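Let me begin by presenting the structure, written as structure tokens, before commenting on it.
These figures come from a predicted structure and were not determined experimentally. Just so it is clear: chains get the letters A, B, ... in the order the sequence lines come, proteins before strands, and each one is counted from 1.
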There are 2 protein chains.
Amino acid sequence: MWPNRIAINEEAPMDSSSNSNMDASTDQVSESSRVTIADVAREAGVSKGLVSFALNDRPGVSAETRTRILQVAGALGWTPSLRARSLSSKRSFALGLVIARDPEVLGSDPFFTSFIAGVETILAPEGLALVLSVVPDSSTELATYRTLVSDGRVDGVFVSDLRQDDVRIPCLAELGLPAVTLGRPDQPSPFPAVSIDDTEGIRESVRHLVALGHRRIAHVAGSAAMLHGNRRRDAFTAAMRDAGLGDGQVVDTDFSIAAGADATRRLLRQSEPPTAIVFANDPMAIAGIGVAQELGVRVPDDVSITGFDDIEFARYVYPALTTVGATPMVWGRAAATTLLTLIRTGHADDVELPAARLIIRGSAAIPAER
Amino acid sequence: MWPNRIAINEEAPMDSSSNSNMDASTDQVSESSRVTIADVAREAGVSKGLVSFALNDRPGVSAETRTRILQVAGALGWTPSLRARSLSSKRSFALGLVIARDPEVLGSDPFFTSFIAGVETILAPEGLALVLSVVPDSSTELATYRTLVSDGRVDGVFVSDLRQDDVRIPCLAELGLPAVTLGRPDQPSPFPAVSIDDTEGIRESVRHLVALGHRRIAHVAGSAAMLHGNRRRDAFTAAMRDAGLGDGQVVDTDFSIAAGADATRRLLRQSEPPTAIVFANDPMAIAGIGVAQELGVRVPDDVSITGFDDIEFARYVYPALTTVGATPMVWGRAAATTLLTLIRTGHADDVELPAARLIIRGSAAIPAER
DNA sequence: GGCACAATCTATACCGGTTTAGGACGCCGC
DNA sequence: GCGGCGTCCTAAACCGGTATAGATTGTGCC
């Protein structure tokens with residue numbers, strides 16, 4: 001909306017052959033020669049306040065004056081100062097995302113990068129920024145939220161990786177910070193939830209495997225402390241019962257690749273191993289394929305494998321992974337719009353994204369005769 | 001340094017059974033009941049200015065008064081307002097990272113999440129935040145840097161994924177924004193570079209393969225437009241020549257998994273395929289293993305494969321990937337400290353991280369007889 | 001003509017810090 | 001007794017916007 005032209009550097013240009021004269025405190029070009037609202041006011045022959053009104057499309061300015069002000073602002077190359085705006089309006093024009101995970105584990109899970117990309121598509125056009133924190137554990141996590149609030153660093157936050165009785169919900173509610181939860185919490189929550197049905201995908205996986213002829217199907221579940229881990233696990237058990245196959249064997253993990261590999265090893269080394277394994281996420285499923293191959297168990301002939309997420313690798317491992325397609329970018333977009341609505345209007349409805357569906361590739365097939 | 005206690009909410013607690021009364025404009029607890037420097041001044045019986053001096057450890061305050069002020073500030077639970085500080089001091093207390101990549105591709109590359117985690121370990125204790133932007137292409141990228149500067153959103157930026165004749169260098173120099181480049185640019189640059197020698201790892205890979213008895217070794221290179229793609233490619237060719245094996249076959253890609261898979265397919269379908277392939281990154285190498293298996297080419301018996309990065313998956317695919325171990329977290333830490341030094345002192349020296357070394361696992365072995 | 005009222009605009013306080021110009025005071029030397 | 005100087009402190013300007021009270025003008029209506 002505002003002209004985005006950068007003021008021309010009126011200082012001597014930086015000596016590009018050395019970095020010793022880089023004085024950060026004085027060289028901030030566009031800061032030192034900043035055009036302020038007062039300059040615009042003077043030039044347009046009106047008061048500061050009126051300029052502010054005109055620039056914010058607020059009533060009480062005649063059409064004629066408004067256009068003149070806008071024109072002058074454009075001519076002078078005026079850009080609003082985010083800092084000044086932050087101070088007087090008590091907003092920060094930024095949203096926050098705090099991720100509490102071991103960075104090593106985090107790296108293998110492309111969920112967040114895609115999610116962030118989705119968020120970004122909404123924020124960037126609005127001139128909002130994303131403040132990201134990656135912290136190692138959940139205690140640091142709460143402290144980080146507190147700091148974000150007391151610094152007034154963000155206007156709202158995304159709450160991901162919901163856990164059972166998640167302390168963040170009451171804590172954020174008390175802090176009074178607008179938030180959006182990724183998924184529906186298991187407790188009363190004052191915040192809108194943006195969720196996706198991931199149980200249907202698990203049920204589809206089980207039905208698919210049953211239809212192929214599998215009866216001994218196991219589930220490598222995610223963390224029992226995480227809601228989506230539990231949800232998928234419950235969906236698995238329910239689907240197994242529906243198929244008349246009992247509860248099915250379930251191994252709990254923490255969603256990490258290492259744990260997925262361990263779980264697979266344990267399952268396949270049993271005297272009567274499963275003929276199919278439903279993994280709670282793709283990284284574990286891919287590790288599972290690796291372990292099977294290492295043990296000389298053929299995939300999918302000896303053991304069928306399904307994953308969850310449809311990460312890019314899923315299409316490129318061999319055999320290509322049959323998995324449930326999540327859409328983290330869409331999720332990011334939805335979460336961002338919801339959070340913005342909440343911040344701006346004080347209210348936002350829950351959003352339910354289309355259920356994640358099964359994508360059939362090569363890692364699940366008719367079980368070989370034994 | 002300052003007491004971090006959150007002011008107690010003096011409003012009625014939020015009704016946690018409904019989200020309809022969530023009024024973002026009035027409920028910002030710690031904002032509405034903020035203790036300001038004026039409160040501290042009044043309570044301590046001194047002027048605002050003196051409080052500021054005392055809190056910033058500046059001379060001109062008697063020891064006695066200083067301690068009294070600090071004590072009062074602590075008692076009142078005072079927290080400096082980042083917004084006010086930003087406005088008057090013209091700093092933002094945040095650093096920026098702009099990543100220009102297709103989010104799908106980005107997700108498979110755990111480099112950034114680890115890098116960010118490393119950056120975070122430096123920033124968090126200093127009370128600084130990281131502003132992250134993920135943009136789809138490099139034209140949006142420049143615009144994003146411009147916005148970050150003109151908004152005064154950050155005090156400095158990280159420049160990653162250096163390209164040939166990278167426009168970002170002169171552009172950022174002109175904007176006067178402190179920056180640190182990840183790797184050394186191929187042009188004069190006013191910014192400190194934090195780099196790692198990735199050529200030694202490639203040379204080691206080639207030497208390792210040659211020692212195993214390979215002679216037809218190919219390289220699936222990264223993007224020719226990216227400096228690290230070129231560097232690894234040149235290192236490969238040089239190492240091949242050193243071994244008296246000519247230049248070696250090289251296929252250029254864009255570092256993406258899909259391109260890596262394609263390249264492998266092309267290489268292996270030749271009448272005289274290579275017996276070993278050196279990949280410029282792990283995701284492509286893993287896709288390479290998948291393609292080989294799909295084509296019925298055994299790894300490592302028929303074709304040996306090496307990667308670069310040592311992403312977590314590398315240990316869990318089968319056969320486990322022989323690769324070069326990068327250390328993105330260390331890199332993040334070094335880059336953050338360097339950028340902070342630059343911002344604070346106006347100068348920072350280049351940093352050279354310890355060279356990435358080869359990690360031998362199962363994907364490279366003595367070639368089978370043909 | 002006079003009054004109510006809306007539309008337009010100005011002046012100014014305000015957000016919460018930092019920074020600067022100076023004032024009060026004590027101590028020194030001459 | 002007085003100028004000079006250092007220490008400790010206050011008052012006020014300032015950063016660049018937003019918000020509000022009130023001045024000015026024009027119009028409609030009786």
Under-4.0 Å side-chain N/O to phosphate OP1/OP2 contact, [X] with [N]:
{"X": "S88(B)", "N": "dG16(C)", "answer": "no"}
{"X": "R85(A)", "N": "dC15(C)", "answer": "no"}
{"X": "W78(B)", "N": "dG17(C)", "answer": "yes"}
{"X": "K90(A)", "N": "dT18(D)", "answer": "no"}
{"X": "R58(B)", "N": "dT19(C)", "answer": "yes"}
{"X": "S62(B)", "N": "dC9(D)", "answer": "yes"}

Check whether any side-chain heavy atom of L132(B) sits under 4.5 Å from a side-chain heavy atom of F112(B), and report yes or no.
no
Do other residues, nucleotides or ligands put more than 12 heavy atoms under 6.0 Å from the CD atom of E126(A)?
yes
Should we say atom CD of Q71(B) is surrounded by more than 12 heavy atoms from elsewhere, each under 6.0 Å from it?
no
Heavy-atom nearest nucleotide on DNA chain D taken for I37(A) and for F53(A); more 5' hit belongs to I37(A)
Walk me through whether R34(B) and D39(B) qualify under salt bridge (Lys or Arg N to Asp or Glu O under 4.0 Å).
CA-CA 10 Å; R34(B) 178 176 270 294; D39(B) 299 328; over 6 Å; no
Separation of [N] [atom2] from [X] [atom1] (nearest whole Å):
{"X": "L76(B)", "N": "dG17(C)", "atom1": "CG", "atom2": "C1'", "result": "16 Å"}
{"X": "R83(B)", "N": "dT18(D)", "atom1": "CZ", "atom2": "P", "result": "14 Å"}
{"X": "L87(A)", "N": "dC14(C)", "atom1": "CG", "atom2": "P", "result": "14 Å"}
{"X": "I69(B)", "N": "dC8(D)", "atom1": "CD1", "atom2": "P", "result": "12 Å"}
{"X": "L55(A)", "N": "dG16(D)", "atom1": "CG", "atom2": "C1'", "result": "13 Å"}
{"X": "D39(B)", "N": "dG17(C)", "atom1": "CG", "atom2": "P", "result": "9 Å"}
{"X": "R91(A)", "N": "dC15(C)", "atom1": "CZ", "atom2": "P", "result": "17 Å"}

Only residue of V351(B), L339(B), V180(B) satisfying side-chain contact (heavy atoms from CB on, under 4.5 Å) with P192(B) is V180(B)
When you match A84(A) and T65(A) each to their closest nucleotide on DNA chain C, which lands nearer the 5' end?
T65(A)
Geometric cation-pi criterion R85(B) and F93(B), 6.0 Å radius, 45° cone:
yes
DNA chain C contacts among residues 41-52 of chain A, heavy-atom distance under 4.0 Å
G45(A), V46(A), S47(A), L50(A)
Closest heavy-atom pair, A179(A) versus L342(A), reported as atoms and distance to 0.1 Å, is O-CD2, 3.3 Å
